[in-house]
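In what follows, chains carry the letters A, B, and so on, assigned in the order in which the sequence lines appear, proteins first and then strands, with residues in each chain numbered from 1.
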There are 2 protein chains.
Amino acid sequence: MTMTNPPTAMTDALRQCIRGAGLKVTEPRLAVLHALDAMPHASADTVFGEVKNQLPGTSLQAVYGVLAALTAAGLLRKIEPAGSSARYERRTGDNHHHLVCTGCDVIKDVDCAVGEAPCLTAADAAGFEVREAEVTYWGLCAQCRHAA
Amino acid sequence: MTMTNPPTAMTDALRQCIRGAGLKVTEPRLAVLHALDAMPHASADTVFGEVKNQLPGTSLQAVYGVLAALTAAGLLRKIEPAGSSARYERRTGDNHHHLVCTGCDVIKDVDCAVGEAPCLTAADAAGFEVREAEVTYWGLCAQCRHAA
DNA sequence: AAGTTGTTTTGGGTAAATCAAAACAACTTT
DNA sequence: AAAGTTGTTTTGATTTACCCAAAACAACTT
């Protein structure tokens with residue numbers, strides 16, 4: 001695992017991204033971020049499949065560890081749609097939501113329907129202090145709609 | 001399991017409810033509905049704990065089966081908040097949402113913030129046909145807020 | 001170049017839920 | 001009221017996604 005690739009422009013941006021979050025820059029971390037650039041909303045297992053191509057010898061457990069660390073650092077967002085395993089995406093901090101296809105499980109991003117810091121107002125917050133509102137739209141994607 | 005309790009007024013309402021959905025009325029089903037009256041948002045395991053008091057000999061597997069059947073029949077709604085096991089509730093068909101406490105995992109119902117059939121309009125539906133919008137508000141309940 | 005700290009590997013382990021076959025009970029039909 | 005049909009429940013095995021902990025190791029610091 002002493003495989004230090006030449007720092008290309010792309011990996012260099014990723015390096016800064018990781019370092020900037022106060023984390024050590026490692027090949028598995030670069031590989032995970034790189035994989036999620038290509039495949040947003042991928043599961044840990046899917047990321048692992050991609051990562052081990054680029055960096056054979058990486059363990060699934062390492063991928064779980066990397067995903068957890070990067071999520072905790074705010075570099076990734078974790079979503080857990082009902083019925084699926086957890087998915088990860090690089091787009092963070094912008095209060096966007098998700099469309100999930102009930103036919104094929106594909107996930108698409110949607111900007112917030114209501115405005116900038118929008119969905120934070122529950123009609124009756126019942127004494128709760130609401131920190132975040134998460135919206136999931138369930139439906140059929142264009143492709144599955146045509147297939148039906 | 002040939003324990004047929006006298007049909008009280010309460011169980012009688014439940015019987016009609018089940019029968020009306022075209023399902024056979026069984027003791028485990030009555031017990032599950034009864035348990036969920038007392039504890040909305042309970043997990044399969046929690047329901048099982050309650051049911052086996054009332055109806056010893058009931059298997060956990062039976063509870064899973066009952067929950068799945070009643071959910072499929074529209075008599076129960078299943079919710080799966082990130083980080084928890086699945087929860088079930090009797091309140092169905094009314095497009096309500098949930099407040100989840102990140103401190104103690106308690107769940108409260110909220111009516112929809114936006115109106116009657118409210119959150120069905122994603123700003124950019126990206127070719128999707130949206131069937132349902134699910135909103136989860138994350139925050140701290142009154143109690144956890146005071147404890148902090 | 002050596003040391004410190006944080007990361008990854010390895011291997012074991014768990015919780016939640018699913019699957020399938022056989023035993024059984026609810027409703028229907030006669 | 002009894003027998004038959006269909007749907008439910010039990011039992012037991014299995015799967016999937018994920019966590020835990022110790023030891024090996026690599027990244028950054030001085």
**Fill in**
Taken to the nearest 0.5 Å, the spacing of B:K78 NZ from B:L67 CG works out to 8.5 Å
**Prompt:** Under 4.0 Å between a Lys/Arg side-chain N and an Asp/Glu carboxylate O for B:E89 and B:R87?
**Reply:** no
**Item:** Nucleotide C:dA16, atom C1' - distance to CD1 of B:I79 in whole Å
**Value:** 16 Å
**Item:** A:R131 and A:E129 ion-paired at < 4.0 Å
**Value:** yes
Using a cutoff of under 3.5 Å, can you pull out all pairs of nitrogen or oxygen atoms linking the protein to nucleotides 3-7 of chain D, with atom names and distances?
from	atom 1	to	atom 2	distance (Å)
D:dT6	O2	B:K24	NZ	2.7
D:dG7	O4'	B:K24	NZ	3.0

**Message:** Do the side chains of A:K52 and A:D45 get close enough for a salt bridge, i.e. N-O under 4.0 angstrom?
**Reply:** no
**Between C1' of C:dT7 and CG of A:L30, the distance in whole Å** = 13 Å
**Nucleotide C:dT7, atom P - distance to CG of A:L33 in whole Å** = 14 Å
**Fill in**
Separation of C:dA16 atom P from B:L67 atom CG, nearest Å, is 14 Å
Protein N or O to nucleotides 14-18 of chain D N or O, pairs below 3.5 Å:
from	atom 1	to	atom 2	distance (Å)
D:dC18	OP1	A:A86	N	3.1
D:dC18	OP2	A:Y64	OH	3.1

**Asked** How long is the line joining CD of B:Q16 and C1' of C:dC27, in whole Å?
**Response** 16 Å
**Prompt:** Could you give the distance from OG1 (B:T71) to OH (B:Y88), rounded to the nearest 0.5 Å?
**Reply:** 5.5 Å
**Fill in**
So NZ of A:K108 and CG of A:L99: to nearest 0.5 Å the spacing works out to 8.5 Å
**Message:** What I want to find out is whether A:D111 reaches A:R91 closely enough, with some N-O distance under 4.0 Å, to be called a salt bridge.
**Reply:** yes
**Asked** Nearest-Å distance, NZ (B:K52) to P (D:dT10)?
**Response** 13 Å
**Estimated bend of the helix from C:dA1-D:dT30 to C:dT30-D:dA1 (axis per five terminal pairs, rounded to 10 degrees)** = 30°
**Item:** C:dT8 phosphate, OP1 or OP2, under 4.0 Å from A:T26 side-chain N/O
**Value:** yes
**Asked** Atom CG of B:L70 to atom C1' of D:dT8: distance rounded to whole Å?
**Response** 12 Å
